[in-house]
Amino acid sequence: FYPRAFATLATVEILTAFRHHTEVRLSKQELVDCSSQHFDPSYHNQGCTLGYPNDAYRYVQQHGVYEEAFYAYRGLGNERCYSGSIGSRHPKYHVDGYYRLGNWAQDGTIMNVLHGTAPGVVVIHGTSDVFKHYRGGIMRNLLPGSNTVNHVVALIGWGTEGGVDYWIIGTAGDKVGADGNNGETVVLLLTQKIFTKYSGWGEHGYARIERHHNLVGLNNWFSYPIMR
């Protein structure tokens with residue numbers, strides 16, 4: 001569930017920065033602990049082993065999330081939820097809702113959301129050797145239309161290079177500085193930050209995947225947070 005927690009909260013952090021001009025690092029550990037079916041049967045998440053972005057967004061909407069400084073990352077799953085013991089001493093960050101586009105969402109529909117509303121998360125086929133060992137460039141012809149879902153990433157923007165249109169995805173986690181409008185690239189991180197978990201993976205923690213062909217099933221499951 002940790003990739004889902006990192007990716008989901010990265011989109012909330014980006015949206016918080018845009019809406020409220022506040023940069024925060026939210027607690028992934030709280031999301032893993034407290035939105036687990038082990039703790040609350042209304043969720044389907046299974047600690048570190050399995051998780052669903054919409055369940056994660058639902059938790060953030062209903063309960064809010066503390067900053068990581070107050071609910072530290074331990075890298076453990078199926079622990080008890082410590083949120084109640086922190087109390088009201090520190091603020092919690094909420095979303096007002098979330099939405100999932102239908103299967104095989106059109107590129108233009110996703111782009112409209114990214115441009116006008118928020119970054120989102122996509123559930124993709126992310127276990128191929130090409131994806132796992134990606135070092136840079138635009139991934140092309142990789143598993144078009146795949147219905148296998150086993151990894152979650154943040155979808156943060158799009159661009160064009162050498163006549164090839166592409167998406168930009170991030171693995172989500174720690175922040176690193178980046179140019180938010182590089183050439184023809186449209187990176188919709190209004191804080192001029194990229195949230196990355198593995199800085200050694202891909203292009204400083206993010207990747208480019210060709211658009212228009214639903215590669216790795218990227219168009220199949222796009223969800224995004226709503227914050228007013």
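Note: hydrogens, waters and symmetry copies are ignored here, and every other heavy atom, side chains too, is used.
Ala207 is linked by a side-chain contact (heavy atoms from CB on, under 4.5 Å) to Tyr134, Met139, Ile169, Trp201, counting only residues two or more places apart in sequence or in another chain. For the side-chain hydrogen bond (donor to acceptor under 3.5 Å, both in side chains) test, no residue two or more places apart in sequence or in another chain qualifies with Tyr224. By the salt bridge (Lys or Arg N to Asp or Glu O under 4.0 Å) test, Arg100 is found to be paired with no residue, residues two or more places apart in sequence or in another chain being considered. For Gln106, the side-chain contact (heavy atoms from CB on, under 4.5 Å) criterion is met by Thr109, not counting sequence neighbours. Considering only residues two or more places apart in sequence or on other chains, Asp96 meets the salt bridge (Lys or Arg N to Asp or Glu O under 4.0 Å) condition with none of them. Applying the ring pair (Phe, Tyr, Trp, His ring centres under 6.0 Å) rule to His212 yields no partners; only residues at least two apart in sequence or on another chain are considered.
Closest of all the heavy-atom pairs between Tyr166 and Ile168 is CE1-CG1, 3.7 Å. Listed here is the closest heavy atom pair of Pro225 and Pro119: CD-O, 3.3 Å.
Side-chain contact check for Tyr59 and Glu30: at least one donor-acceptor pair (N or O, by modelled atom type) lies under 3.5 Å.
How far CG of Asn103 is from CZ of Phe222: 14.0 Å, rounded to the nearest 0.5 Å. Of the inter-residue distances, the one linking Tyr71 atom OH with Ser85 atom OG reads 7.5 Å to the nearest 0.5 angstrom. Of the inter-residue distances, the one linking Leu26 atom CG with Tyr73 atom OH reads 15.0 Å to the nearest 0.5 angstrom. With rounding to the nearest 0.5 angstrom, the CD atom of Gln61 is 8.5 Å from the CD1 atom of Ile226. Note: Thr16 OG1 to Glu23 CD = 10.5 Å, rounded to the nearest 0.5 Å. For the atom pair CG of Leu114 and CD1 of Ile156, the computed distance is 9.5 Å after rounding to the nearest 0.5 Å.
Contact check for Val65 versus Val12: no side-chain heavy atoms found under the 4.5 Å cut-off. Side-chain contact between Tyr66 and Tyr82 is absent, with no heavy-atom pair separated by less than 4.5 Å. When side chains are defined from C-beta on, Tyr99 does not count as touching Val113, because their heavy atoms never get closer than 4.5 Å. A 4.5 Å side-chain heavy-atom check between Thr11 and Val121 finds at least one atom pair inside the cut-off. Two residues are said to be in side-chain contact when any heavy atoms from C-beta on lie closer than 4.5 Å; Trp167 and Leu215 fail this criterion. Two residues are said to be in side-chain contact when any heavy atoms from C-beta on lie closer than 4.5 Å; Arg208 and Glu203 meet this criterion.
For residues 136-155, the salt bridge (charged side-chain N to carboxylate O under 4.0 Å, His left out) pairs, not counting sequence neighbours, are Arg140-Glu210. Residue pairs satisfying the salt bridge (charged side-chain N to carboxylate O under 4.0 Å, His left out) criterion with at least one member in residues 212-228, sequence neighbours excluded, are absent.
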Pairs under 3.5 angstrom only: tabulate donor-acceptor contacts from the side chains of residues 123-131 to other protein residues two or more places apart or in another chain.
residue : atom : partner : partner atom : Å
His125  : ND1  : Ser146  : OG           : 3.1
Thr127  : OG1  : Asn150  : ND2          : 3.1
Ser128  : OG   : Phe131  : N            : 3.2

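Linking Ile, Leu, Val, Met, Phe, Trp and Tyr whenever their side-chain heavy atoms come within less than 4.5 Å leaves Val149 and Trp104 in two separate clusters.
Asn214 places no side-chain N or O within 3.5 Å of a backbone atom of Pro144 that could act as its donor or acceptor partner. For Lys92 (side chain) and His63 (main-chain N/O), a donor-acceptor pair under 3.5 Å exists by modelled atom type. Under a 3.5 Å cut-off, the side chain of Thr8 and the backbone N or O of Ala56 do not form any donor-acceptor pair.
The aromatic rings of Trp158 and His115 are tilted relative to each other, their planes meeting at an angle between 30° and 60°.
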